[in-house]
Amino acid sequence: MNLPLERVDTWRWRIPKHGDMLTGGLVFASEALMARIQHDRALEQVRNVACLPGIVGNSLGMPDLHWGYGFPIGGVAGFDPDEGVISPGGVGYDINCGVRLLRSHLDADRVVKRMPKLVDALYEAVPCGVGAARGDLRLDNEALDRCLVGGARWAVENGLGEPEDVEHTEENGCLDGADTSEVTPRAHGRGQKQLGTLGSGNHFLEVDRVAEVFDPALGEALGLHVGQVAVLIHSGSRGLGHQVCTDFLPVMKQAAKGHGIRLPDPQLACAPFRSEEGQRYFGAMRAAVNYAFANRQVIAHKTREAFRAVFGEGVKLEQVYDVCHNIAKVERHVVDGTEREVVVHRKGATRAFPPGHPLTPEAYREVGQPVMVPGDMGRYSFVLVGTEGARAETLGSSCHGAGRLQSRTKARQATRDRNIPKELASRGIEVRAASRRTIDEEYPEAYKDVADVVDVVVGAGIARVVARLEPLGVVKG
DNA sequence: ATGTTC
């Protein structure tokens, strides 16, 4: 492939504007990670995104960049609300997939002894795996629509959490402007029985030990200290969000044609943000975003119930933060010296707002917005905070995870004669899963070392590292 | 990611 790529410095690479590109590409990676990135066609996708009308700033790639549907995963792109577009491919099928972090007052030494019992309780409490699972919450369409409009706030108002949870969630767990009339009956049907379920693939519910705090002041601000037990929840909008994406791809394909948008790749189907089709997708997408916020809220509630059943009623799990990594929304950013509204698409990328930002919760105003970056189920995950560098360079964004090293097929082959749950148990990690196949596909060596990804965002100054978490117990689909 | 090929 003849794609020009220039090394800017230790952490940055530029795809100079050429051909139909309206702007340049900027990718954050070490030399080693860039070699991995070049195994697939993600850089071409960064270039293709730079050809879409109304793009503002660079077409951005995070160090966990890899090939996705139309837009790359690990991609960030902002568009002018008046001249630019909105695209389902820039969000992904799992609308508002994201990560929530809870902190406990429990010491890991105490929890480890009862980990099999705790993981059993969590597995029982939070349905997982593909499909309807055993979701005990059933919503009629009226209740579902209130959930789609109210997000995590709706869940808390219905007794499924604490007001502080909402305060410590991106966008307070609810985007205004959800349009339930654009969520099809089929999407409604899928959403009715999946609230509070984990899903499959890389989704998980994990009990962690805070293994390392890199900066005492940052750790203090986020309430994290070495030896403490924390919980990571990674899930999204389940079948409902998937159906919204599926339903709108043909709509957006027609819209692109109707509005005369030339697409370098048909998978970049999009519509002008202000167009009827663009606003219909945006309304449906925001409903799916709110469903995902509510889903993680219900999972957190069930997690608390499971902890209390095992460790007593006095156990508290306080929410550190909930951040999404598949979303499009309107944010204010300074571009070329002027503050303006931008339609930011983050697909496999997280918001990472700096200290002092008005949308960062009060508790973190001095240190920056927390960012959770999951690794794999055998090694570790990281907690970061956003920086001024992110505001200046990446529309306030950072990375979202490790990224795969092996395909699912290859991982399955490589683990055929191994017993991954047993191997993990021997290393002190209790795993429960709906499917043995999922565990094999998700085994640790299938993923890159997330520390390498974090090194890049920290080195480039688009995040600061707060803490490293090590898994003690894992629930998987 | 996904009632994993409506």
Side-chain angles (χ1 to χ4, degrees), chain A residues 40 42 45 64-75 87-100 126-135 137-139 144 183-205 233-251 253 267 284-285 287-289 291-293 295-296 299 323-328 345-350 374 376-377 400-404 406-412 433-442 446-447 475-477:
Chain A
D40 62 33
Q45 295 189 312
D64 44 339
L65 194 78
H66 57 281
W67 184 89
Y69 183 90
F71 288 56
I73 296 160
S87 173
V91 175
Y93 274 92
D94 192 2
I95 296 166
N96 189 9
C97 188
V99 184
R100 180 174 291 219
V126 182
C128 63
V130 174
R134 309 149 294 167
L137 272 171
R138 294 293 160 102
L139 306 180
L144 178 58
V183 177
T184 60
R186 182 180 264 191
H188 270 96
R190 295 179 76 170
Q192 282 181 336
K193 51 193 182 296
Q194 291 189 324
L195 195 68
T197 67
L198 196 59
S200 183
N202 62 5
H203 288 168
F204 62 78
L205 166 56
I233 297 163
H234 179 205
S235 189
S237 51
R238 308 287 287 105
L240 183 141
H242 191 276
Q243 193 64 48
V244 165
C245 183
T246 303
D247 290 337
F248 270 92
L249 282 171
V251 175
K253 189 181 168 188
Q267 292 188 350
M285 188 217 70
V289 163
Y291 186 81
F293 278 136
N295 188 38
R296 291 195 292 277
I299 293 171
V323 73
C324 48
H325 52 227
N326 282 0
I327 198 162
H345 294 63
R346 294 194 186 91
K347 182 187 192 180
T350 57
D376 59 78
M377 62 170 140
H400 90 304
R404 294 191 76 89
Q406 294 177 349
S407 69
R408 294 190 176 273
T409 308
K410 189 161 179 225
R412 228 165 35 241
S435 139
R436 173 66 183 268
R437 177 171 152 171
T438 298
I439 300 190
D440 289 348
E441 290 177 355
E442 292 280 314
Y447 282 89
V475 175
K476 293 283 295 181

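Owing to the predicted nature of the structure, the values given are computational and were not obtained by experimental measurement. Atoms considered below: every heavy atom in the structure, side chains included; atoms not considered: hydrogens, waters and symmetry mates. Every chain is numbered from 1 and lettered A, B, ... according to where its sequence line falls, protein lines coming before strand lines.
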S.K.: Applying a 4.0 Å non-hydrogen cut-off, can you work out what A:R408 is touching in the nucleic acid: base, sugar-phosphate, or nothing?
M.R.: sugar-phosphate
S.K.: How long is the line joining OH of A:Y69 and P of B:dT2, in whole Å?
M.R.: 18 Å
S.K.: Can you tell me how far C1' of B:dC6 sits from CG of A:L249, to the nearest Å?
M.R.: 15 Å
S.K.: Scan A:G236 against the nucleic acid and name what it touches under 4.0 Å (heavy atoms): base, sugar-phosphate only, or nothing.
M.R.: nothing
S.K.: From CD of A:Q243 over to C1' of B:dC6, roughly how many Å is that when rounded to an integer?
M.R.: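 It works out to 9 Å between those atoms.
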S.K.: In whole Å, I'd like the distance from the CZ atom of A:R437 to the P atom of B:dT4.
M.R.: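 Answer to the nearest Å: 12 Å.
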S.K.: What is the separation between atom CG on A:L240 and atom C1' on B:dT2, rounded to the nearest whole Å?
M.R.: 12 Å
S.K.: Would you give the length of the straight line joining atom SG of A:C324 to atom CZ of A:R296, rounded to the nearest 0.5 angstrom?
M.R.: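 Here the rounded value is 6.5 Å.
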S.K.: How long is the line joining CG of A:D440 and P of B:dT4, in whole Å?
M.R.: 21 Å
S.K.: For A:S237, answer base if it contacts any base atom (sugar-phosphate contacts may also be present), sugar-phosphate if it contacts only those atoms, and nothing otherwise; contact means non-hydrogen atoms under 4.0 Å.
M.R.: nothing
S.K.: May I have the distance from A:Y93 (atom OH) to B:dT2 (atom P), rounded to whole angstrom?
M.R.: 13 Å
S.K.: When the nearest nucleotide of DNA chain B is assigned to A:R186 and to A:S235 on a heavy-atom basis, which residue is associated with the more 5' position?
M.R.: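 So the residue in question is A:S235.
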S.K.: Run the side chain to side chain donor-acceptor pair (under 3.5 Å) test against A:S407 and tell me which residues pass, sequence neighbours left out.
M.R.: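 Residues passing side chain to side chain donor-acceptor pair (under 3.5 Å) with A:S407: none at all.
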S.K.: Let me know the distance between CG of A:D247 and P of B:dC6, rounded to the nearest Å.
M.R.: 14 Å
S.K.: For A:R437, enumerate each residue passing the salt bridge (Lys or Arg N to Asp or Glu O under 4.0 Å) test, keeping only those at least two apart in sequence or located in another chain.
M.R.: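 Here the qualifying residues are A:E441.
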S.K.: Determine whether a donor-acceptor pair (N or O, by modelled atom type, separation under 3.5 Å) exists between the side chain of A:D64 and the backbone of A:G401.
M.R.: yes
